[in-house]
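Here is the structure we will look at, set down as structure tokens.
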Amino acid sequence: MNDIPQHILAEAQRQHDILSRGTAEILGGEKDGKDGLFWKLVKSLQNETPLKVKFGMDPTAPDIHLGHTVVLTLLRRFQDLGHVAMPLIGDYTCRIGDPSGRNKTRPPLTGEEIDANAKTYFEQAFKVLSKDEKTLDLRYNGEWLKELSFADTIKLCAQVTVARIIEREDFTNRLQNNVPISMHELLYPIMQGYDSVAMECDIELGGTDQTFNCLMGRHLMQVRQMNPQIVITMPLLEGTDGVEKMSKSKNNYIGVHDEPNDMFGKVMSIPDNIMNRYFELLTDVPLDSLPEHPMDAKKMLGRIIVERFHHTDAAQEAQTDFETRFSQREVPQNLPEKTITENLSGILEVIVHVGFAESNSKARQLIKQNAVKVDGTTINDHTHEFQSGQTCVLQVGRRQMMRLTFA
RNA sequence: GGCGGGAUACCGAAGCGGUCAAACGGGACUGGCUGUAAACCAGUUGGCUAUGCCUUCGUAGGUUCGAAUCCUACUCCCGCCA
């Protein structure tokens, strides 16, 4: 450590501070009381060569949510410091079906599905990542995996022991619970590890659920006497319920596709106690500079997130909409408008027609529950009729509002 | 290949001949309260031209005055043994 110039150590430490924000674990390469990331940065500065940072993405589910963007956010931080982001599309691996579904074997996807998924995935991922060519090197693992012969594959397998593979928590559980594991699933971590060999990357990023797979890459690099990658894992983000991990099936997610108002509202609905985590993992705002009042902080968080996935104006509009709608309980500007040309006048049919309820029965229930208002007046009568030529604001609950004109 | 267990509404799970549109929990929705689409409290949660009527308990038949509940066949899941 003594023969390294002071300014390099200082710069490495500065970058390290930025990059280690919110990380779960930094694995491998620890030395002299400093972690592997620090030493990778020192090496990079000494050689004046940017670090190559791998992040594997599976185009199995095309729609990504904020949970997925946690790692992307870290990757972006690397880009902002001049390092090279190497997003890797597992086009080859997901043709095979991977085991990360915890207990179920995933069905393999067709070529077209993968291409379509990858495309939408990119559109969404690049709302976080920079497209600057100097800091981006996008790869597909079919590039090298399809070149492997069966003999190559066998040799590769010889470099990993069975004990090592099945120590992975997921496999252990499945063995214990008599859930079937197919041979090909055992190869999955090896393939993913081989990606790191082929890409010669310095660092691999992943969620904590990917720790095992990422470390396999490090192992295979070590076997080949390569300079092995270090692994940085990010925690899995809690969903809007504040308890479970964010996931589509739990319906506690904020999708990067969500409309501005929706996105802002969902952010406002997260419990206060996980707000700091959102700031830490999704933004670069220093945690000691947050507004004191939790509501102000949450609004700030909402703006930052809406801004990232939409634009600045949308963020402000979403906030204003939220404030009129929920804080002041008033009807906001910019309501969606609709003209009813069909021959409808009964309130039940109209509510169903505009999509505020699934059936007349549901609409009837909503009226009974005082959820329906016309021009701010609660409607208690389910036989209420609209007049033709009438224009009015129809509210169902606090979220669904529309300006209607009857032809 | 042999032997057992199971399939119930959005999900999990009771029910095992009538009082079942189907307990209970979760979720979702609505209302109250609130800085909040948080928490908490209360209500709703198959459909309809609605104090009644129609459809639903894996699929198709059958027994019965009457079936989610009994019988038969089929489909699919799961466990144990080989």
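Within every chain, numbering begins at 1; the chains are lettered A, B, ... in the order of the sequence lines, protein sequences first and strands thereafter. Quantities reported herein were computed from a predicted structural model and do not represent experimental measurements.
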Query raised in the report: Expressed in whole Å, how much space separates the C1' atoms belonging to B/rC48 and B/rC3?
Result: 49 Å
**Report entry** Evaluation steps, side chain to side chain contact (heavy atoms under 4.5 Å, CB included), between A/T233 and A/Q210
**Finding:** CA-CA 8 Å; A/T233 58; A/Q210 289 296 313; 6.0 Å; no
Query raised in the report: Whole Å only: how far is the NZ atom of A/K266 from the P atom of B/rA28?
Result: 11 Å
Query - Salt-bridge criterion met for A/R139 and A/D195 (N-O under 4.0 Å) - result: no
Requested in this report: Rounded to whole angstrom, note down the P distance from B/rG66 over to B/rC54.
Outcome: 15 Å
Report summary line: Atom CZ of A/F322 and atom C1' of B/rG35 are separated, to the nearest Å, by 9 Å
Query - Span that lies between the C1' atom of B/rG58 and that of B/rG52, in whole angstrom - result: 31 Å
**Report entry** Protein-nucleotide distance (A/M275, atom CE; B/rA39, atom C1'), rounded to Å
**Finding:** 15 Å
Query raised in the report: Taking the same atom, C1', in B/rU36 and in B/rC40, what whole-Å distance lies between them?
Result: 14 Å
Query raised in the report: In whole angstroms, how far is the C1' atom of B/rC29 from the CZ atom of A/F356?
Result: 14 Å
Query - Identified salt bridge (Lys or Arg N to Asp or Glu O under 4.0 Å) partner of A/E204 from the options A/K54, A/R218, A/K40, A/K52 - result: A/K54
**Report entry** Complement of B/rA22, any strand, by Watson-Crick or G-U distances under 3.5 angstrom
**Finding:** none
Query raised in the report: If we call it a pair only when both distances are under 3.5 Å in a Watson-Crick or G-U wobble match, what pairs with B/rG17?
Result: none
Requested in this report: For B/rA23 and B/rC11, measure between their P atoms and round to the nearest Å.
Outcome: 15 Å
Requested in this report: Indicate whether OP1 or OP2 belonging to B/rC33 is found under 4.0 Å from a side-chain N or O atom of A/R398.
Outcome: no
Query raised in the report: Taking atom types as modelled and ignoring hydrogens, do the side chains of A/Q319 and A/E323 form a donor-acceptor contact shorter than 3.5 angstrom?
Result: yes
Requested in this report: Starting from P on B/rA38, measure out to CD1 on A/I254 and report it in whole angstrom.
Outcome: 13 Å
Query raised in the report: Just how far, in rounded Å, is C1' of B/rG31 from CG of A/L366?
Result: 11 Å
Query - Test side chain to side chain donor-acceptor pair (under 3.5 Å) applied to A/Q13 and A/K34, step by step - result: CA-CA 10 Å; A/Q13 189 60 49; A/K34 294 286 189 181; 2.9 Å; yes
Query - For B/rU45, the Watson-Crick or wobble partner whose two distances fall under 3.5 Å - result: B/rG27
Requested in this report: Find the partner of B/rC70: check Watson-Crick (N1-N3 plus N6-O4 or O6-N4) and G-U wobble (N1-O2, O6-N3) distances, both under 3.5 Å, and reply none if neither fits.
Outcome: B/rG62
Report task. Give the intermediate values and the outcome of side chain to side chain contact (heavy atoms under 4.5 Å, CB included) for residues A/K245 and A/E238. Result -> CA-CA 4 Å; A/K245 303 305 169 201; A/E238 288 83 2; 3.9 Å; yes
Requested in this report: Between B/rC81 and B/rC71, how far apart are the P atoms? Round to whole Å, please.
Outcome: 29 Å
**Report entry** Single hit among A/R21, A/R76, A/R77 for salt bridge (Lys or Arg N to Asp or Glu O under 4.0 Å) with A/D284
**Finding:** A/R77
Query raised in the report: Roughly how many Å is it from CZ in A/F326 to P in B/rG32, rounded to a whole number?
Result: 13 Å
Query raised in the report: Is there a Watson-Crick or G-U wobble partner for B/rA37 with both distances under 3.5 Å, and if so, which one is it?
Result: none
Sub-3.5 Å pairs of nitrogen or oxygen atoms, protein against nucleotides 47-49 of chain B:
from   : atom 1 : to     : atom 2 : distance (Å)
B/rG47 : OP1    : A/S359 : OG     : 2.9
B/rC48 : OP1    : A/N360 : N      : 3.0
B/rC48 : OP2    : A/S361 : N      : 2.7
B/rC48 : OP2    : A/S361 : OG     : 2.4
B/rU49 : OP2    : A/N360 : ND2    : 3.4

Requested in this report: Would you kindly check whether a donor in the side chain of A/D272 faces an acceptor in the base of B/rG35, or vice versa, at under 3.5 angstrom?
Outcome: yes
Query raised in the report: Listed in order of residue number, which residues of residues 369-384 of chain A have a non-hydrogen atom at under 4.0 Å from RNA chain B?
Result: A/Q369, A/N370, A/A371
Requested in this report: Please work out if A/S327 contacts a base, only the sugar-phosphate, or nothing of the nucleic acid, heavy-atom cut-off 4.0 Å.
Outcome: sugar-phosphate
Query raised in the report: Sub-3.5 Å donor-acceptor pair from the side chain of A/H83 to the main-chain atoms of A/F78, do we have one?
Result: no
Query raised in the report: Hey, does A/G397 reach any base, or is it just sugar-phosphate, or nothing, if we go heavy atoms under 4.0 Å?
Result: sugar-phosphate
Report task. Indicate, with yes or no, if the rings of A/F386 and A/H384 have centres closer together than 6.0 Å. Result -> yes
Query raised in the report: Is B/rC76 paired to anything, Watson-Crick or G-U wobble with both distances less than 3.5 Å, and if yes, which nucleotide?
Result: B/rG6
Requested in this report: By nearest nucleotide on RNA chain B, pick out whichever of A/M263 and A/V396 is the more 5' one.
Outcome: A/V396
Query raised in the report: Atom CD1 of A/I367 to atom C1' of B/rC29: distance rounded to whole Å?
Result: 15 Å
Requested in this report: Answer with base, sugar-phosphate or nothing: what part of the nucleic acid does A/R399 contact at a heavy-atom distance below 4.0 Å?
Outcome: base
Query - Span that lies between the P atom of B/rU69 and that of B/rG18, in whole angstrom - result: 11 Å
**Report entry** Touch class at under 4.0 angstrom, heavy-atom based, for A/N252 against every strand present
**Finding:** nothing
Report task. Using atom types as modelled and distance alone, determine if a side-chain donor or acceptor of A/S289 lies under 3.5 Å from a backbone N or O of A/V285. Result -> no
Requested in this report: Run the salt-bridge test on A/R325 and A/E330 with the 4.0 Å N-O cut-off and return the result as yes or no.
Outcome: no
Query raised in the report: Between A/V53 and A/L75, does a side chain to side chain contact (heavy atoms under 4.5 Å, CB included) hold up when you go through it step by step?
Result: CA-CA 7 Å; A/V53 186; A/L75 196 54; 3.6 Å; yes
Report task. Determine the Euclidean distance between corresponding C1' atoms of B/rG61 and B/rC78; express it in Å to zero decimal places. Result -> 26 Å
